[in-house]
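One structure below.
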Amino acid sequence: MTVPDHIAWLHNTGETVATVDGREVEIWVLQHADNPSILSNWATHYRNHYCRDEDLPDLVADTGLSNADFLTCIKFPDTAAAPGPSTRAGDFGEILVADFVEYVLGYWCPRQGRFEDRENRNVPSNGTDVIGFSFMEDEPSPDDELLVIESKAGFRPTAINRLQQAIDDSSKDLVREAMSLSAIKQRLLKINRDDALKVGRFQNQADKPFKRTNAAVAVLDNEIFNDTALDESDASEHPNGDNLRLIVIRGTSMMDLVHALYARAANEA
């Protein structure tokens with residue numbers, strides 16, 4: 001497995017915050033820098049969530065657009081017109097969390113088609129945000145794990161506690177889980193049948209027991225992080241509270257980074 005270079009910018013601070021119900025929130029930091037090589041590789045990785053590079057020539061053909069204009073005007077959420085910027089922020093947070101799950105935590109985290117298949121570039125994808133899979137053995141094991149994650153991004157001033165919002169929406173994931181797993185399986189059937197069938201391992205817990213872990217993740221600009229009362233977050237009503245992980249990833253000038261990444265992803269295509 002090739003680990004993208006930008007993953008080296010993710011660090012566990014070792015800090016935690018105690019919530020009102022006695023849980024610990026892990027604090028991670030994204031220490032991004034002005035490194036053109038890493039940013040270019042990250043932009044390529046990011047772009048391919050929306051449009052595989054091998055498909056781009058056929059998609060652009062007959063549109064009269066350049067690669068950059070096609071991506072900017074057809075595939076990527078809008079830079080300024082609402083709800084484009086909020087969708088950009090949410091997508092960035094979700095993709096970063098998926099990278100974190102796959103390359104830091106070590107889960108299998110397929111996301112093929114989740115962003116590619118949108119009919120409206122400015123409307124976020126439905127379903128559970130991020131799902132990771134862990135297999136202990138070749139045959140199904142009760143120690144296999146399904147990691148179900150709700151992520152929220154906060155890069156602009158707001159009174160909303162994004163971690164609490166992620167916790168609250170994570171409580172709904174038990175209802176959405178079956179549909180999200182089916183959607184992942186269906187998308188994978190178009191690419192790799194063997195991978196698609198691996199998802200089936202987690203579609204019937206009664207017959208094939210496995211571990212289910214939920215996580216609520218907030219990706220925050222440092223200014224939002226500093227203004228958010230994380231210690232007032234409350235997960236006491238979460239239906240899988242005994243197996244719930246709370247995480248914050250913070251960083252500086254996050255919305256500037258988001259826009260720069262989209263621009264580079266378009267202009268370097």
Side-chain angles (χ1 to χ4, degrees), residues 1 3-13 17 24-32 42-43 45-50 77 86-116 124-134 145-155 160-173 176-177 180-181 183-184 212-222 224-225 228 230 233 235 238 240 243-252 254-255 257-258 261-262 265:
M1 178 178 64
V3 178
D5 293 337
H6 66 274
I7 299 301
W9 286 343
L10 274 171
H11 301 279
N12 188 346
T13 67
V17 174
E24 287 192 347
V25 182
E26 305 169 36
I27 309 298
W28 291 68
V29 61
L30 177 67
Q31 295 178 325
H32 57 92
W42 191 0
H45 170 75
Y46 201 76
R47 179 176 62 247
N48 278 272
H49 282 74
Y50 294 88
S86 64
T87 301
R88 281 186 167 214
D91 285 1
F92 173 86
E94 185 175 321
I95 294 171
L96 181 65
V97 170
D99 288 345
F100 172 77
V101 167
E102 182 165 356
Y103 301 112
V104 177
L105 301 185
Y107 292 79
W108 178 49
C109 189
R111 20 317 195 353
Q112 294 91 336
R114 179 162 172 81
F115 302 91
E116 291 176 278
S125 304
N126 291 322
T128 301
D129 290 338
V130 178
I131 295 183
F133 306 85
S134 177
E145 184 182 358
L146 183 69
L147 176 61
V148 184
I149 297 178
E150 185 68 27
S151 71
K152 297 295 179 185
F155 302 153
I160 298 172
N161 180 334
R162 294 297 186 188
L163 180 61
Q164 185 64 59
Q165 189 179 39
I167 292 168
D168 294 343
D169 283 357
S170 173
S171 297
K172 307 171 188 175
D173 278 334
R176 299 184 292 208
E177 180 183 300
S180 294
L181 288 172
I184 293 172
R212 177 185 287 101
T213 302
N214 287 84
V217 183
V219 183
L220 305 176
D221 186 271
N222 275 340
I224 307 303
F225 172 81
T228 300
L230 295 174
S233 302
H238 195 286
N240 194 28
N243 300 286
L244 176 65
R245 192 168 178 178
L246 305 180
I247 300 170
V248 167
I249 300 174
R250 61 176 179 84
T252 60
M254 293 292 273
M255 201 64 203
L257 172 64
V258 170
L261 197 60
Y262 274 106

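Computed from heavy atoms alone, side chains included, the values below leave out hydrogens, waters and symmetry copies.
In this structure, R88 does not pair ionically with D91, as no charged nitrogen and carboxylate oxygen lie closer than 4.0 Å. Ion pairing of R212 with E177 is present here, as a side-chain N (NZ or NE/NH1/NH2) and a carboxylate O approach within less than 4.0 Å.
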Assess whether side chain to side chain contact (heavy atoms under 4.5 Å, CB included) is satisfied between F133 and L181, documenting all intermediate values.
CA-CA 11 Å; F133 306 85; L181 288 172; 3.7 Å; yes
Could you please spell out the steps behind the side chain to side chain contact (heavy atoms under 4.5 Å, CB included) verdict for L163 and V25?
CA-CA 9 Å; L163 180 61; V25 182; 3.8 Å; yes
Could you please spell out the steps behind the side chain to side chain contact (heavy atoms under 4.5 Å, CB included) verdict for S233 and I167?
CA-CA 8 Å; S233 302; I167 292 168; 4.2 Å; yes
Verdict with supporting geometry, V104 and N12, side chain to side chain contact (heavy atoms under 4.5 Å, CB included)
CA-CA 10 Å; V104 177; N12 188 346; over 6 Å; no
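With R250 contributing its side chain and V248 its backbone, the two residues share no donor-acceptor pair below 3.5 Å. A donor-acceptor pair is defined here as one N or O able to donate and one able to accept, closer than 3.5 Å; no such pair exists between the side chain of R162 and the backbone of A218. Between the R114 side chain and the N126 main chain, a donor and an acceptor come within less than 3.5 Å of each other. Put simply, the side chain of T128 never gets that close to the backbone of D173: no donor and acceptor are under 3.5 Å apart. In this structure a side-chain-to-backbone donor-acceptor pair under 3.5 Å is missing from S170 to E150. Under the 3.5 Å distance criterion, the side-chain polar atoms of Y103 are left unmatched by any main-chain donor or acceptor of A8.
The line from OG1 of T252 to CG of D221 is 7.5 Å long, rounded to the nearest 0.5 Å. Rounded to the nearest 0.5 Å, atoms CG (D169) and CG (D129) are 8.0 Å apart. Rounding to the nearest 0.5 angstrom, the gap separating the OG1 atom in T228 from the CD1 atom in I160 is 10.5 Å. Of the inter-residue distances, the one linking M254 atom CE with F155 atom CZ reads 4.0 Å to the nearest 0.5 angstrom. Of the inter-residue distances, the one linking W42 atom CH2 with H32 atom NE2 reads 7.0 Å to the nearest 0.5 angstrom. Rounded to the nearest 0.5 angstrom, N222 CG and L30 CG are separated by 10.0 Å.
In summary, the side chains of D99 and H45 do present a donor paired with an acceptor at a separation below 3.5 Å, with no hydrogens or angles considered. Side-chain atoms of Q164 and D168 form a donor-acceptor pair, as typed in the model, at a separation below 3.5 Å.
Between Y46 and F92, the ring planes lie tilted relative to each other; the angle falls in the 30° to 60° range.
With sequence neighbours excluded, the residues satisfying side chain to side chain donor-acceptor pair (under 3.5 Å) with N240 are N214, N243.
Considering every non-hydrogen atom in both A215 and L147, the closest pair reads CB-CD1, 4.3 Å.
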